[in-house]
Each structure stands twice: as C-alpha cells, then as structure tokens.
Protein chains: 2
Amino acid sequence: MATIDDVAKSAGVSKSTVSNVFSQKRPISKEVSERVLEAARELNYKPNYWARSLANKETRIIGLNMEGEKVKFGQFRMALLNGVLQECYDRGNRLLVNMLPKHFTNRLENWSSDPIDGEILLDPMVRDPRIEERVASGIPIVVIGKPPESHESTVSYVSSDNVGAGRRVTEYLIGLGHRNILFLNAPKHRTVSHERLDGYRRALETAGLSVDTRLLVYRDEGFESSEEYGYITAKRLLYARPSITAIITDTDKIARGVYQAAEELGLIIPRDLSVFAFSLETAYGTELQPPVSSMRLNGELLGSEAAKMLLDQCASKTPVVRRVIIPWELILRDSCAPVKVFL
Amino acid sequence: MATIDDVAKSAGVSKSTVSNVFSQKRPISKEVSERVLEAARELNYKPNYWARSLANKETRIIGLNMEGEKVKFGQFRMALLNGVLQECYDRGNRLLVNMLPKHFTNRLENWSSDPIDGEILLDPMVRDPRIEERVASGIPIVVIGKPPESHESTVSYVSSDNVGAGRRVTEYLIGLGHRNILFLNAPKHRTVSHERLDGYRRALETAGLSVDTRLLVYRDEGFESSEEYGYITAKRLLYARPSITAIITDTDKIARGVYQAAEELGLIIPRDLSVFAFSLETAYGTELQPPVSSMRLNGELLGSEAAKMLLDQCASKTPVVRRVIIPWELILRDSCAPVKVFL
DNA sequence: CTGTTAGCGCATTCAC
DNA sequence: GTGAATGCGCTAACAG
C-alpha cells in the first residue's frame, strides 16, 4: 500500500501538501491538487484510516454496546439498530457493534481503549460497570433505557416510558376485571424491570388493590430460551395459583411459552387467561394464536434519537446531559378479555 | 488520557517494558509487571487502539458492507448479522457496519482506506465496483451471494443455492398445474435475480414449457416500498393477463402487495391465485392471510460461514478461494393450491 | 499558497 | 530480563 510519502515524492510536492489536498483543510492550487490526485490514482493511494485517527483523535465511528453473553438481535433490537444506522448514515458515521466476550476482554493482551468516538449502551443494569468505566475514561455515552440511579443525573439517555407502560397495561387488565395478574418481569438486574414494576404497583394501588409479591417474578437467566422460561414458570404458577386470570410478560417469546403452558392446562386464551407482552421480538405479534396484545415500543426512534444525541455530544465541547422519553403505543389484539364471571 | 510514557515514568521503567507487559509478547518479571499494572490502574491507562493498530497493521475489526441507499435490516439480514456476530464473538473480533452514503464517500476529505482487516459484501451485483476496488487494494473479502462472473473464480463466497431454489419453486407450481407463472424477480443488477431466473427457466424447459418473457419482471427501484411495487405490478399484470394463476415474488413484503392487488381484483388466494415468496422479511410468514409459502434461507448460517471464511482468510498468509453453498428449505404454508379447473 | 519540523501512542528492532 | 532508538502514516504548527 502506497503512503503519503510515495505520493508526495511522485508528485514532487511535500507530505503536507498531499495531506491538505485530501483533507481540504487549507486551499491548494488547482494545478498542484490535480497533480497530486493523479499521482495518488497511479499509486492507488488512500489515506490510512488509523494513522489519520491517531493524529486527529477522532474516528467517526460510534459503538453499540450490548451487555451479556451471546446477545442476538431480535425484532426490537433490529428496529433500534436501523434507527441508529439511519442517523449514522445521515451524518457520515460508521457503527461498530461491540460485543466481545469477557474471557476475551479480560485477557491483558486484549485490553485497550475502544476505537470509537462515543458509544450507545443498551440494556442498562442497576449496577452497570460499563457506565462507570466510560464515565471514568471520559468517553461520551448515551444509554438506551434508564441508567442506574447513581448516574441518572450525569448520563444522557433515551428511554421508553416504561413506568407509564407498566401502569397502562395493568390498568387495562384491571379494567377487564382481572385481580390476580401474574407479572413475568424482565431480569431483576435490568433497570427496566424496576420501572415496569413501578407502573404495575401504581396501577394496583390506584385501584385500591394490594400487590401480591407471589405474583411478581423476575426473569431468571437459568433457562435455555425465553419460551422455556415462560412455559415452565407459567405452568408452575398457574397450577399453584388457579386464581390467576392474566399474565403480563416481558416479551412475546415468553408469551409463546405461556401460550403453550395454558394449552396444556386446558386454558383457553383469552377466555380463561389473558396474556399481554411488553415488547415484541417478532414483527407483527401474529405468530401466536390468538395474536398477542402488546406495546409498540418504537425501537427505530429510540435508536435514531440516541445516535443523534451521541453524535451531538461528540461534536460539542461542552456536553449537556439530555433525556428523551419515547412514547409507546398500546396495541390491542385478541389475547386479553374480560375476566370470566362465575354464575 | 494517560499514555504509555506516563505509565513508564510512573512505574520507573521504559516504554517498551510497559508495552510488553500489556502485549505479553515477551516475558516480563512478575515483580516489574505488577508495578506497571499498578501504575496503569492509578493513571487509568489503557493502550490506545489506533496507535496499536497503526503499529500492528491489524485492527481485529471486520466490516459488513451493504450496497445501496438507506438499506435497512429486515428479518433475513438480521439473521445474517446474528451469524456474523456470533463468529466475531467467538474469535474476538468486532464488526463495523459500513454503510456510508455516496455523497459522503465521494467527497475527497472522506476518502480513506477502511479501518478493517477484511470485509463481508452483501448483495453482489452483476457489475460490482466494490469488489473490484477491494481486490485492487488487496483487502480480504468474502461475498454473500454469487459474485459477478468476472470475479467468480477469484473471490471467496458463500451463497444460498439460488438456482436450485428457483427451480424447485417453479417445479412445485408446475406440479400444481400452473402454466402461467408470473415471476416478480429481484432487481436485474443483482446477481441473485439471474440465478433464480435460471432455475425458473430450467424447470419450465424440463417440463416442456416455454418461457413467456412477458411474465418476467425485475424489481425496479422506482417504487417507494416493496409492498407498493408488488401491488402495482401485480395489479397491472393480473389485469392485463388473466391467464396468470401463480406469482413468485422476491420477498414476503412484495407478496403483501400482491395479496392486496388480488383482493382488489376479487381473486382469492390460493383458490384463484397461488403466491410464493423467496425470502422472508418477517419472521414467520404468518402476517399474511393465508400465510405465504416461502424458502427458509438460513441467514444465520450464511452469516457465520462468511465470517468464518473471512477471518480465516485474514489470518492466513496464503489465502485460498473458497465457496460454500447453503441449502434452502421449502416451507409450504397455505398460499399455493392446484390450479382451478374450469368444468 | 507551499515546505519543514515535530509530534500522535505504540511496537519493534537492537543493544545491554 | 530491560532500556534506547527508530518507524508506523498522517496531521499540525510554524515558516517562508
């Protein structure tokens, strides 16, 4: 690969002239410029990205960081990714998907700063070392979701209105007459689970109902799949507590497991059991029979807003902490019905 | 941000010692090593990625290149991405999603080599400047899909068996009695459209039928959405040529438009019109009523195989051209039926 | 408008 | 085992 020196020599000019022809950071006479470009073409020369970054202290790359092992993109994350990419596209940035295994990053030889100008963090946790580390290093970050309390006032974020969503769903089910609503929440270490629970609580309290902690379950990572988790947990609890008439799940994949459990227990959805899923891993919620009611979370907007905030933050020298809350939309399909009345 | 010099000074050793403590490229006494690490911790030092890359001539980043404007990830691309990421994860590589607008890369100041060790190219075209450019620069690439003929023997690729798929689908429809099968193919400039057409042709010829070129349509980019393209094209052609009893579409989104056209023309699927979609943008093909028959293309395997090939290629000093063909699976749902017999 | 010089932060010869 | 010098390819500050 040819270097800037080769081009300079070949065009009979200095390195800095070549550099400036490319960077356009100061005017070069048309004549010289053409000569340089011609030489560059001949030598198949392109400025070296790393060298440029090293000197510029800027990469024009932002990172997308997903916590956990073997995280896959599902429908929601994909929408989010599309939003981020759209913004990157519009502003000439690249996106680095940052998902390295711990057994890798833990090894000394793989230690290093990240090759990015800033990073978007997904799935914030109640105690999130990623955030602490970025803040300590002074790397601009934007969190998607609610940051842990310790950083809520110092870190920019964009989040769905999870408290409101939790509340709205619960109110809806209460309105249908449900009193024993099982909540198969997200994992306890994720901040989102606390927000949703908060909404759930408030709805119950507003309705004058008390919260039965036995109906509160956090997703536990020990299961092989979401479906299995939903299936096993629902089956166990529906069996132990037949008074349950409705279930709120974290995702539609978990709902899928719940559907299966219901079927095996001879419960018909929605006649005997109402099911609601917060977020959708699949596109239309129609792969289940009946289609499951859910929230539309607008991942694309979450993503594009986050990217926008991050890129602004990278650009400005005096960054400001910003927050954006993205509204959800309640999508009613056919999985919830008024509670059965025993005559 | 602290540099290697700061750490060296603070630990009372030389730069190279610090370097070697981190890179582990040669033994450092435990004592000195600890002292260096301690100093690094105090200063919050991490080796600088760009500087390291510059010296190492290696980034441990691979790129994913998608052609075209405003490309979004749909279901298929997402599966593909997951496969690529899985492999990156296992081998400690990062993924750079490379999707910069032309009006950006065309500007001189944004010209540069890409900050990657190698690249995966999606959606190869019949004449693909991306490939020529990479080959000229000596950057390792792997194409997903069939490369243009000019490079078929020099570039590694992994592809679905598109010819076989085209053939199989057509045979299936012929077997149902269809004789006038409209083919809403992928865009003409994509190699995949030619492969599928090839299969379509062979099936017809084997059955002793002739190819009616008026039933061959290539996707044209002039439409706002896939749905609209499917809708308008199907409506026009179904109206003009009522003898059409079956339609093969590129994707399920296009099929969605076809469904709409059929409905407006009073055609019932599959009674009056059979519809088949090659690839699925949505997860289950169930968002359409009736669910559309399609191919399962195994995007995840395509992605992981491509990443594997690419990383191998980056590692070896004497790269070999490899090809992998991923089998498809025919998924029959309820959108195709035997052709109506007029009594 | 163009050339010269001195870094950016790290890795890699060599010596010791 | 450790240290000093040189270079990776480019940009920037200062001359002219």
Side-chain angles (χ1 to χ4, degrees), chain A residues 1-37 39-40 43-60 108-117 137-139, chain B residues 1-37 39-40 43-60 108-117 137-139:
Chain A
M1 202 65 189
T3 76
I4 199 172
D5 275 301
D6 302 331
V7 177
K9 213 158 294 171
S10 162
V13 295
S14 76
K15 285 169 46 161
S16 67
T17 299
V18 177
S19 172
N20 284 306
V21 167
F22 281 95
S23 71
Q24 313 250 304
K25 292 204 178 165
R26 61 184 201 195
I28 300 287
S29 71
K30 197 159 177 84
E31 193 189 20
V32 174
S33 183
E34 303 246 302
R35 192 145 41 94
V36 168
L37 253 22
L43 296 169
N44 195 20
Y45 166 79
K46 288 181 173 186
N48 180 303
Y49 203 99
W50 323 315
R52 198 180 244 189
S53 295
L54 183 58
N56 278 337
K57 300 177 166 317
E58 183 194 62
T59 62
R60 311 217 50 153
L108 205 50
E109 60 216 83
N110 298 319
W111 254 44
S112 73
S113 64
D114 283 331
I116 51 178
D117 295 336
S137 311
I139 298 171
Chain B
M1 203 64 191
T3 76
I4 199 173
D5 275 300
D6 302 332
V7 177
K9 215 158 292 172
S10 162
V13 295
S14 77
K15 287 169 43 161
S16 67
T17 299
V18 176
S19 172
N20 284 306
V21 166
F22 280 95
S23 71
Q24 312 250 306
K25 291 202 178 167
R26 62 185 201 195
I28 300 288
S29 71
K30 196 160 180 86
E31 193 188 21
V32 173
S33 182
E34 303 246 302
R35 192 145 41 92
V36 168
L37 254 22
L43 296 169
N44 194 22
Y45 166 80
K46 288 181 173 187
N48 179 302
Y49 203 99
W50 320 316
R52 198 180 245 191
S53 295
L54 184 58
N56 278 336
K57 300 178 166 316
E58 183 194 62
T59 62
R60 311 216 51 152
L108 206 50
E109 61 216 82
N110 298 319
W111 254 43
S112 74
S113 64
D114 282 331
I116 51 178
D117 295 338
S137 312
I139 298 171

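Below, read A as the first sequence line, B as the second, and so on, with proteins coming before strands; counting in each chain starts at 1. Nothing here was measured: the structure is a model prediction, and the numbers come from that model.
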Under 4.0 Å, counting only non-hydrogen atoms across every strand here, what does [X] touch: a base, just sugar-phosphate, or nothing?
| X | answer |
| --- | --- |
| B:Val32 | sugar-phosphate |
| B:Tyr49 | nothing |
| A:Lys30 | nothing |
| B:Asn56 | sugar-phosphate |
| A:Phe22 | nothing |
| B:Val18 | nothing |
| A:Lys57 | sugar-phosphate |

Compute whether any side-chain donor of one residue and acceptor of the other, for A:Ser19 and A:Ser16, lie under 3.5 angstrom apart.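 Absent: no donor and acceptor within the cut-off.
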Between B:Ser113 and A:Asn48, do the side chains contain a donor N or O and an acceptor N or O under 3.5 Å apart?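 A:Asn48 vs B:Ser113: no donor-acceptor pair found between side chains.
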5'-most by nearest nucleotide on DNA chain D - B:Thr17 or A:Leu54: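 Result: B:Thr17.
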Nearest whole Å is fine: how far is [N] [atom2] from [X] [atom1]?
| X | N | atom1 | atom2 | answer |
| --- | --- | --- | --- | --- |
| B:Glu31 | D:dG1 | CD | P | 12 Å |
| B:Lys15 | C:dG9 | NZ | C1' | 7 Å |
| B:Asn48 | C:dA11 | CG | C1' | 13 Å |
| A:Glu109 | C:dC10 | CD | P | 17 Å |
| B:Ile4 | C:dT12 | CD1 | C1' | 12 Å |
| A:Glu58 | D:dA12 | CD | C1' | 15 Å |
| A:Lys25 | D:dC10 | NZ | P | 14 Å |
| A:Leu43 | D:dG9 | CG | P | 14 Å |

What verdict does the side-chain contact (heavy atoms from CB on, under 4.5 Å) test give for A:Tyr45 and A:Ile4, after you've listed the backbone C-alpha separation in whole Å, the side-chain angles of each residue and the deciding distance to 0.1 Å? CA-CA 8 Å; A:Tyr45 166 79; A:Ile4 199 172; 3.8 Å; yes
Given that B:Arg26 and B:Pro47 both sit by DNA chain C, which one's nearest nucleotide is further toward the 5' end?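 By nearest-heavy-atom nucleotide position, the 5'-most residue is B:Pro47.
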With a 4.0 Å limit, can you tell me whether B:Ser19 has a side-chain N or O closer than that to the phosphate oxygens OP1/OP2 of C:dA11?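 For B:Ser19, the contact criterion (side-chain N or O under 4.0 Å from OP1 or OP2 of C:dA11) is met.
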If you compare every side-chain N and O of A:Arg52 against the phosphate oxygens of D:dT11 (OP1, OP2), does one of them come in below 4.0 Å?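 For D:dT11, OP1 or OP2 has a side-chain N or O of A:Arg52 closer than 4.0 Å.
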State whether the side chain of A:Thr3 and the backbone N or O of A:Asp5 hold a donor-acceptor pair below 3.5 Å, judged by distance alone.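 Between the backbone of A:Asp5 and the side chain of A:Thr3 there is a qualifying donor-acceptor contact (under 3.5 Å).
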Check: A:Arg60 main-chain N/O paired with A:Asp117 side-chain donor or acceptor under 3.5 Å: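 Flag set: sc A:Asp117 to bb A:Arg60 pair under 3.5 Å.
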Single hit among B:Asn20, B:Val13, B:Ile28 for side chain to side chain contact (heavy atoms under 4.5 Å, CB included) with B:Val36: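 That would be B:Val13; it is the only one of B:Asn20, B:Val13, B:Ile28 passing the side chain to side chain contact (heavy atoms under 4.5 Å, CB included) with B:Val36.
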B:Ser14 side-chain proximity, nearest of D:dG9, D:dA12, D:dG3: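 For B:Ser14, the side-chain atoms sit closest to D:dG3.
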Quiz question: going by heavy-atom distance under 3.5 Å, is there a donor-acceptor pair between the base of D:dG1 and the side chain of B:Ser29?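 Answer no: no donor N or O sits under 3.5 Å from an acceptor.
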